[in-house]
Amino acid sequence: SSGINAEWPLRPGKFNLTVEKGDSNIYDTMHGGLGASLVDLCSSVAILSKCKRWGVSTDMQVSYLKAAPVGKDITIVGQCDRAGKTLAFSSCFIYNEKGDLLLKGQHTKFMGTPFVELELDD
């Protein structure tokens, strides 16, 4: 199973992951479903840390540019691009060890849910 190299509490920024056999498709590269899940997770953490409230996804778009083979390390970068009263927009990028862009995603969330108290360590 995959293990994102990050410490709790999660903060927006960079996360690292090694693509393992269980993360792969029949071509021994990272499965597209994992890429989409990473976009969802990392962009959601970025939105949550900026807005301090939960949201629900309204749209998510993922472009797969280059494969990530099993055994290789990837870096996932999530950011909140804009957060308004009702919508938040975020982006996510996944790079290989060489810095090549493998995947890019955009994520929109409806932010009509109440604020939540987050216990974030300094």
Side-chain angles (χ1 to χ4, degrees):
S1 68
S2 295
I4 293 179
N5 183 7
E7 294 181 12
W8 187 258
L10 292 177
R11 299 204 187 281
K14 293 183 180 180
F15 304 94
N16 299 306
L17 180 133
T18 301
V19 179
E20 298 178 3
K21 183 68 176 167
D23 303 327
S24 68
N25 55 29
I26 62 171
Y27 302 106
D28 282 334
T29 60
M30 182 177 73
H31 192 281
L34 175 59
S37 294
L38 291 170
V39 168
D40 186 16
L41 172 67
C42 293
S43 61
S44 293
V45 168
I47 291 171
L48 179 61
S49 66
K50 184 169 185 174
C51 296
K52 308 293 188 268
R53 55 191 167 135
W54 300 104
V56 294
S57 298
T58 61
D59 182 60
M60 192 168 75
Q61 186 272 326
V62 181
S63 295
Y64 302 92
L65 307 174
K66 190 173 183 179
V70 168
K72 297 296 183 179
D73 293 329
I74 59 172
T75 300
I76 307 106
V77 180
Q79 63 188 39
C80 181
D81 301 320
R82 183 179 187 288
K85 291 180 183 178
T86 58
L87 292 175
F89 303 89
S90 58
S91 300
C92 181
F93 305 93
I94 299 180
Y95 301 93
N96 65 12
E97 297 164 319
K98 296 177 187 177
D100 298 329
L101 183 60
L102 307 178
L103 181 152
K104 61 182 180 177
Q106 294 181 309
H107 192 185
T108 306
K109 287 194 164 211
F110 172 68
M111 303 303 294
T113 55
F115 286 88
V116 294
E117 288 293 323
L118 296 179
E119 295 181 19
L120 300 177
D121 297 334
D122 293 327

How long is the gap from [atom1] on [X] to [atom2] on [Y], to the nearest 0.5 Å?
X    : Y    : atom1 : atom2 : answer
I94  : D100 : CD1   : CG    : 13.5 Å
E97  : K72  : CD    : NZ    : 5.5 Å
F15  : L41  : CZ    : CG    : 6.5 Å
S57  : I47  : OG    : CD1   : 8.0 Å
M111 : K52  : CE    : NZ    : 11.0 Å
S63  : F93  : OG    : CZ    : 10.5 Å

Any side-chain heavy atom of [X] sitting closer than 4.5 Å to one from [Y]?
X    : Y    : answer
D40  : M60  : yes
H31  : S24  : no
I74  : L38  : yes
V39  : K104 : no
L102 : L65  : no
I76  : C92  : yes

Query - For the student: nearest non-hydrogen atoms of H107 and S44, plus distance - result: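 For H107 versus S44, the nearest heavy atoms are CE1-OG, 3.5 Å.
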Requested in this report: Write down the atom of A88, the atom of C51, and the distance for their closest heavy-atom approach.
Outcome: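 Smallest heavy-atom distance, with atoms named: CB-SG, 4.5 Å.
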Query raised in the report: Are side-chain N/O atoms of D73 and T18 paired as donor and acceptor at under 3.5 Å?
Result: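 Looking only at side-chain atoms, T18 and D73 do form a donor-acceptor pair, the distance falling under 3.5 Å.
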Report task. Indicate whether any N or O donor in one side chain lies under 3.5 Å from an N or O acceptor in the other, for T108 and Q106. Result ->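 No, Q106 and T108 have no side-chain donor paired with an acceptor closer than 3.5 Å.
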Query raised in the report: Residues two or more places apart in sequence or in another chain: which of them pass side chain to side chain donor-acceptor pair (under 3.5 Å) with D59?
Result: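 Once residues adjacent in sequence are excluded, D59 has no partner under the side chain to side chain donor-acceptor pair (under 3.5 Å) criterion.
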Is it possible for you to say whether [X] and [Y] belong to one hydrophobic cluster, with membership spreading through side-chain heavy-atom contacts below 4.5 Å?
X   : Y   : result
V19 : V62 : yes
V77 : L34 : no
Y95 : V70 : no

Requested in this report: Would you confirm whether D81, through its side chain, and S91, through its main-chain N or O, come within 3.5 Å as a donor-acceptor pair?
Outcome: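 Pair found, side chain donor or acceptor close to backbone of S91.
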